[in-house]
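Everything on this sheet refers to the single structure shown next.
Index from 1, following the sequence.
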Amino acid sequence: MSQASEIVKKTAVYQLPGMDAVTVHRDMVYQSSGPEALTLDLYAPPDRPAGARTPAVVLVAGYSDEGFGKMIGCRFKDMGSSVSWARLIAASGLTAITYANREPAADLHSLLAYVRDNAESLGIDETRIGVWASSGNVPLALSLLLRDAAPPLCCTALSYGFMLDLDGATGTAEASKQFGFANPCAGKTLDDLAPDVPLFLARAGKDQFAQLNESIDRFVAGALARNLPVTLVNHPEAPHAFDLFLDNETSREIIRQVLGFLCFHLAGSPSQSRGVRG
């Protein structure tokens with residue numbers, strides 16, 4: 001099996017009861033313009049009552065499907081990691097959304113507009129939306145935290161991702177050029193971010209991308225100096241993408257913390273589901 005094929009099939013090293021009972025609505029059109037329609041997959045909590053509206057978490061795709069497909073071999077929304085995280089989020093009582101794209105930044109905004117405009121039919125509470133992102137998808141997710149981004153998110157959970165280039169650093173910009181992910185926050189500083197959106201950061205202590213952790217460290221130091229609502233969890237022994245590749249109790253505990261953070265800030269209480277080993 002090639003490395004790309006292995007990555008495509010990798011799922012989170014944590015499971016929750018009810019993941020297999022999640023209701024999945026696949027390939028719902030959210031944008032019909034362009035050469036072909038763009039679609040989303042919606043993962044609803046098990047046994048959600050008819051007419052109920054739940055908070056939602058969008059799994060942000062920072063690469064175009066075309067570029068991601070050339071690099072990995074499939075669309076972001078079809079990755080084992082995307083599917084398993086969406087099922088974890090839905091099994092925790094929230095609605096999860098993955099989606100196809102062509103232009104990462106523009107299509108993410110189109111998706112969010114569609115979700116808010118069609119919230120009732122989708123069973124979503126449009127006033128309680130958060131995002132989750134990892135790795136090269138993080139810079140696009142961060143752009144939703146800018147002061148001029150409207151309407152604001154309720155919370156953001158980011159794992160082992162490239163952050164803002166601060167204090168003259170260029171690591172995120174260089175990685176964006178090398179790997180092809182969107183970087184709408186280029187040139188932005190911490191003062192450009194909304195000061196009141198809770199942010200969870202998971203750091204892989206032995207990440208293979210040294211500049212990535214340097215960007216996290218600078219971001220956290222600056223965020224704390226400004227008293228921003230940031231939570232940092234460091235996994236000292238973890239490589240990049242530890243939620244997929246390092247099957248140990250610390251990895252599973254951090255996944256539980258991410259889910260708890262999302263549930264707390266979107267639903268007002270931590271996830272009530274008890275996890276099982278992946």
Side-chain angles (χ1 to χ4, degrees), residues 7-12 14-16 18-32 36-46 48 54-69 71-116 118-119 121-126 128-141 143-144 153 155-159 161 181-182 241 243-244 255 258-259 262-263 266:
I7 292 172
V8 165
K9 296 180 179 180
K10 275 289 184 181
T11 59
Y14 179 68
Q15 295 179 5
L16 282 174
M19 285 179 67
D20 293 337
V22 166
T23 301
V24 186
H25 302 278
R26 299 191 187 280
D27 296 323
M28 304 174 69
V29 175
Y30 74 87
Q31 182 174 301
S32 56
E36 61 179 303
L38 294 176
T39 62
L40 65 86
D41 293 346
L42 186 147
Y43 296 73
R48 183 176 66 177
T54 55
V57 178
V58 175
L59 282 70
V60 173
Y63 300 81
S64 69
D65 278 349
E66 180 180 5
F68 196 77
M71 182 172 58
I72 298 296
C74 78
R75 295 182 299 180
F76 172 79
K77 79 181 186 75
D78 299 324
M79 292 274 291
S81 59
S82 299
V83 172
S84 61
W85 266 100
R87 286 186 175 275
L88 282 168
I89 291 166
S92 299
L94 310 172
T95 295
I97 296 172
T98 61
Y99 60 100
N101 72 9
R102 283 187 293 269
E103 299 291 336
D107 293 339
L108 175 58
H109 287 285
S110 294
L111 172 81
L112 289 169
Y114 174 85
V115 168
R116 289 183 170 113
N118 296 274
S121 63
L122 295 173
I124 287 173
D125 182 346
E126 72 275 18
R128 294 186 291 170
I129 295 177
V131 299
W132 175 91
S134 64
S135 192
N137 304 300
V138 164
L140 178 55
S143 71
L144 298 176
L153 296 173
C155 62
T156 303
L158 308 175
S159 294
F181 58 77
D243 56 324
L244 310 178
I255 294 172
V258 172
L259 296 171
L262 292 170
C263 288
L266 292 172

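- In terms of heavy-atom proximity, Gly67 sits nearest to Ser64 at N-OG, 3.0 Å.
- Ring pair Phe181/Tyr63 is perpendicular by interplanar angle, where above 60° counts as perpendicular and below 30° as parallel.
- Contact of the Tyr99 side chain with the Val60 side chain is registered, since non-hydrogen atoms from C-beta on lie closer than 4.5 Å.
- No side-chain donor-acceptor contact under 3.5 Å links Arg102 to the backbone of Leu38.
- Put simply, the side chain of Val258 does not reach to within 4.5 Å of the side chain of Asp243, judged on heavy atoms.
- Thr95 places a side-chain heavy atom less than 4.5 Å from the side chain of Pro45.
- If you take CG on Leu16 and CG on Leu88, they are separated by 5.0 Å, rounding to the nearest 0.5 Å.
- Listed by chain and number, the residues in a side-chain contact (heavy atoms from CB on, under 4.5 Å) with Ala96 are Tyr43, Leu59, Ala86, Ile89 (sequence neighbours excluded).
- When every heavy atom of Arg75 is checked against every heavy atom of Ala100, the shortest pair comes out as NH1-CB, 4.0 Å.
- No donor-acceptor pair under 3.5 Å is formed between the side chain of Asn137 and the backbone N or O of Ala61.
- Taken to the nearest 0.5 Å, the CG atom of Asp78 stands 7.5 Å off from the OG1 atom of Thr98.
- Across Gly62 and Leu140, no two heavy atoms sit closer than the pair CA-CD2, 3.9 Å.
- Listed for the Thr23 side chain is no donor-acceptor partner under 3.5 Å among the backbone atoms of Ala44.
- Between the OG1 atom in Thr156 and the CG atom in Leu144 there is a gap of 7.0 Å [rounded to 0.5 Å].
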Exercise. Begin with the C-alpha distance, continue with both residues' side-chain angles, and end with the deciding distance and a verdict on side chain to side chain contact (heavy atoms under 4.5 Å, CB included) for Tyr114 and Val29.
Key: CA-CA 10 Å; Tyr114 174 85; Val29 175; over 6 Å; no

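- No side-chain donor-acceptor contact under 3.5 Å links Thr11 and Arg87.
- Looking at Ser159 and Trp132, their side chains come closer than 4.5 Å, going by heavy atoms from C-beta outward.
- When every heavy atom of Ala91 is checked against every heavy atom of Gly18, the shortest pair comes out as CB-C, 4.1 Å.
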Quiz item: Under the side chain to side chain contact (heavy atoms under 4.5 Å, CB included) criterion, do Val58 and Val131 qualify, and how do the steps go?
Solution: CA-CA 5 Å; Val58 175; Val131 299; 4.1 Å; yes

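- The closest donor-acceptor contact from the side chain of Arg48 to the backbone of Gly123 lies under 3.5 Å.
- A salt bridge links Asp27 with Lys77; the closest basic N to acidic carboxylate O contact falls under 4.0 Å.
- Nearest heavy-atom pair across Ala56 and Ile124 is CB-CG2, 3.8 Å.
- Contact record, Ser92 with Cys263: O-SG, 3.5 Å, taken as the closest heavy-atom pair.
- No side-chain heavy atom of Tyr30 sits less than 4.5 Å from a side-chain heavy atom of Leu112.
- Distance check, rounded to the nearest 0.5 Å: CG of Asn101 to CG of Asp65 gives 4.5 Å.
- Using a 4.5 Å heavy-atom threshold, the side chains of Met28 and Asp41 count as separate.
- In this structure, CG on Leu42 lies 11.0 Å from CZ on Arg26, to the nearest 0.5 angstrom.
- Separating the CG atom in Leu266 from the CG atom in Asp125 is a distance of 9.5 Å, to the nearest 0.5 Å.
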